[in-house]
There are 2 protein chains.
Amino acid sequence: MLALYFDGQPTIKELPQPEPGPGEVLVSVHLAGICRTDLEVLKGYHGFKGVMGHEFVGEVAAPEDSPWLGQRVAGEITIGCGVCDLCRRGLAGHCRQRQVLGLKDHDGAFAPYLRLPAANLHAVDPEVPDVFAVFTEPLAAALRVLEAAPVSPSARVLVVGDGSLGLQISWVLALSGAEVHLAGHHPEHLALARPRGVATFLSADLPPGDYDIVVEASGSPSGLELALTRVRPRGTVVMKSTYVGHYPLDPAVLVVPEVSLVGCRCGPFAGALRLLRDGRVDPRPLINRIFPLARGLEALAWAQRPGVLKVLLDCREGD
Amino acid sequence: MLALYFDGQPTIKELPQPEPGPGEVLVSVHLAGICRTDLEVLKGYHGFKGVMGHEFVGEVAAPEDSPWLGQRVAGEITIGCGVCDLCRRGLAGHCRQRQVLGLKDHDGAFAPYLRLPAANLHAVDPEVPDVFAVFTEPLAAALRVLEAAPVSPSARVLVVGDGSLGLQISWVLALSGAEVHLAGHHPEHLALARPRGVATFLSADLPPGDYDIVVEASGSPSGLELALTRVRPRGTVVMKSTYVGHYPLDPAVLVVPEVSLVGCRCGPFAGALRLLRDGRVDPRPLINRIFPLARGLEALAWAQRPGVLKVLLDCREGD
């Protein structure tokens, strides 16, 4: 099979079809999404070598005796060892020897086939189109905000950052009934949030006032600065994005107003699939282009253009 | 009355006895404690001008018609405006126009008399000696850790910093049944924690392993560094101490392991008074010396000596 492989440089490379091991299935990938983390992989930040990609929807193609055979699926991306203290405490996502699909020691989704433990799979309802289901992983990451900082319907919440993740976070927060504001730098992105009940502002024009919860999804130190400036005493700043570099944190900014800074990462797939199934979240406005996998290098370049939200790869062989 | 006054320099100064306003009482101060924050005031960090001091125990001396008259009391140190949005939400401790006893716009406790709203008072039971009750405020601040990060009896907790606050935090955490470790630089301080069920280590000798909760009470960037290194994935770092300067925070250190960083400050007086009343916490080993208020300048100098935990001032007139 031809796959999009990274080894210091991205290449389209002929590779053997993966062989599922014990407890694993082979997934025929339909669609895969290019994430900002994939662009970081290109810069070498994760030290990853292998088939790229972790956002996907596909269909289980093997083994023949799997109860999952023929089922369309999304898949959780972290593979725990199952025996360390964290796995045994139900924190497999933080396993000390974890593999991560397309990010750490496990070939990813920018290929016609991938292998994954059956335990990682979530069934996709037949009525959910692939272009919806491919957003399960990023939408789950957005929903994780609601686990990190329970949002009441009377809360005032600010999301900082109008990229793909920031938009999805603002959408799911608005579903809670809370008053949700989104601050960003791209009027054309902010426009995607307004029809979903989100009040939007260019960051420089954010009106005065503070927020019960601020979600930092901008991927820049200035976003964290804005978040810490705008959170109310005893409020919570949820940190979703990483970036290269350090933020100069004054401890008094947390201690005196008793603010919490909560890191959060992957989220609940089942909740994301329910919202996609029920039409509560329509991710299609995020899609900028769909490239066939064979043009994967072009797709990676396209995903790095300013203002591009989501680029998808069609990974079906022969497409 | 003679009081310990700060106006760029600490001085012992003759001042008029304070006049309690509406809703306020006059407290005759028995004992007051010198806190690390008072030493920061000396360096000008808080921009404070007035009578210093916020840790005290005393007796209500006026007005004559107060139901508190003659009652021995401890007092919460923050005075809210009562009308701002935060006061109305029950967050008077974070009032936007707050005064703070001996720290912000309100004369403090290093004097024979202070004034305070009656709403700030907590009665001290007759069986609690003054040398216990004067620790109500710092012990409440230690108890706040349990509100910031609920500690289960099966938790492993590390306290970083073996100063007066770190020791009190380790004591109250050990009362929860949790496994509590204390890391510091002073063998003679660590020795005060061991008899209370706390395992102690010189910071450089801390054995491998991570913790569900780490409390940073060292007042130094290296303490926060140790805390972030030793907290487990999805664990909590409670920040108790501020210091001048900035910590270079790598956002990935919070986001990837989904760690929470929780600032916390003042705490529940009622709980502290119960623990002191019932003998669950005996603060006397922390006391290094008691000076009469007239020798307050000497006391401030003494409190800055290395290894000194707590210096008290006897504020009764004529002593």
Side-chain angles (χ1 to χ4, degrees), chain A residues 40 45-46 85-86 89-96 98 100 141 144 147-149 154 209-210 212 216-221 223-224 228 231-267, chain B residues 40 45-46 85-86 89-96 98 100 141 144 147-149 154 209-210 212 216-221 223-224 228 231-267:
Chain A
E40 287 183 12
Y45 293 154
H46 293 255
D85 60 319
L86 292 170
R89 290 168 81 160
L91 296 174
H94 294 283
C95 166
R96 298 184 195 277
R98 67 181 175 273
V100 187
R144 176 86 187 123
E147 295 181 333
S154 53
D210 57 17
D212 302 303
E216 203 302 282
S218 75
S220 78
L224 183 53
L228 289 170
V231 68
R232 71 160 167 84
R234 293 226 180 145
T236 300
V237 172
V238 179
M239 289 176 67
K240 281 301 293 185
S241 55
T242 60
Y243 45 82
V244 177
H246 293 75
Y247 177 81
L249 179 71
D250 175 0
V253 162
L254 298 183
V255 174
V256 174
E258 301 192 299
V259 162
S260 294
L261 199 52
V262 179
C264 83
R265 201 180 48 155
C266 298
Chain B
E40 287 183 10
Y45 293 153
H46 293 255
D85 60 318
L86 293 169
R89 290 169 80 160
L91 297 174
H94 294 283
C95 166
R96 298 185 194 277
R98 68 182 175 272
V100 187
R144 176 87 185 122
E147 295 181 333
S154 54
D210 57 17
D212 302 302
E216 202 300 283
S218 76
S220 78
L224 183 54
L228 289 169
V231 69
R232 70 159 168 85
R234 293 227 182 146
T236 300
V237 173
V238 179
M239 289 176 66
K240 281 301 292 185
S241 55
T242 59
Y243 43 84
V244 177
H246 293 76
Y247 177 81
L249 179 70
D250 175 359
V253 162
L254 298 184
V255 174
V256 175
E258 301 192 298
V259 161
S260 294
L261 199 51
V262 179
C264 83
R265 202 180 50 159
C266 298

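Note that these values count all heavy atoms, side chains included, but never hydrogens, waters or copies made by symmetry. Just so it is clear: chains get the letters A, B, ... in the order the sequence lines come, proteins before strands, and each one is counted from 1.
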- Message: The criterion is side-chain contact (heavy atoms from CB on, under 4.5 Å); which residues satisfy it with Val100(A), sequence neighbours excluded?
- Response: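 side-chain contact (heavy atoms from CB on, under 4.5 Å) list for Val100(A), sorted by chain: Ile77(A), Thr78(A), Arg98(A), Leu103(A), Lys104(A).
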- Item | Sequence-distant partners of Pro257(B), side-chain contact (heavy atoms from CB on, under 4.5 Å), two or more places apart |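 Partners of Pro257(B) by the side-chain contact (heavy atoms from CB on, under 4.5 Å) criterion, ordered by chain and then number, come out as Pro233(B), Val259(B).
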- Item | Heavy-atom pair count under 4.5 Å with chain B, highest-scoring of Gly263(A), Gly245(A), Gly93(A) |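 Among Gly263(A), Gly245(A), Gly93(A), the one with the most close pairs to chain B is Gly263(A).
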- chain B contacts, top residue of Val253(A), Asp250(A), Asp85(A) (heavy-atom pairs, under 4.5 Å):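 Option with the top pair count is Asp250(A).
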- Item | Residue selection (most heavy-atom pairs with chain A, distance under 4.5 Å) from Glu216(B), Arg89(B), Lys240(B), Arg144(B) |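 Winner by heavy-atom pair count: Arg144(B).
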- Item | Residue selection (most heavy-atom pairs with chain A, distance under 4.5 Å) from Leu249(B), Val262(B), Val237(B), Leu254(B) |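 Looking at each option in turn, the highest pair count goes to Leu249(B).
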- Query: So which part of Ser241(B) gets closer than 4.5 Å to some heavy atom of chain A, the side chain, the backbone, both or neither?
  - Reply: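 Only the backbone of Ser241(B) comes within 4.5 Å of chain A.
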- Query: Going from SG on Cys266(B) to CD on Glu147(B), what distance comes out if it is rounded to the nearest 0.5 angstrom?
  - Reply: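 The CD atom of Glu147(B) is 11.0 Å from SG of Cys266(B), to the nearest 0.5 Å.
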- Query: With only heavy atoms counted, which part of Val256(A) is less than 4.5 Å from chain B, the side chain, the backbone, both or neither?
  - Reply: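 Both backbone and side chain of Val256(A) come within 4.5 Å of chain B.
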- Item | Heavy-atom closest contact (Asp212(B) atom, Ser154(B) atom, distance) |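 It is OD2-O, 4.3 Å.
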- Charged N to carboxylate O below 4.0 Å: is that the case for Arg234(B) and Glu258(B)?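 Result for this pair is yes, salt bridge flagged.
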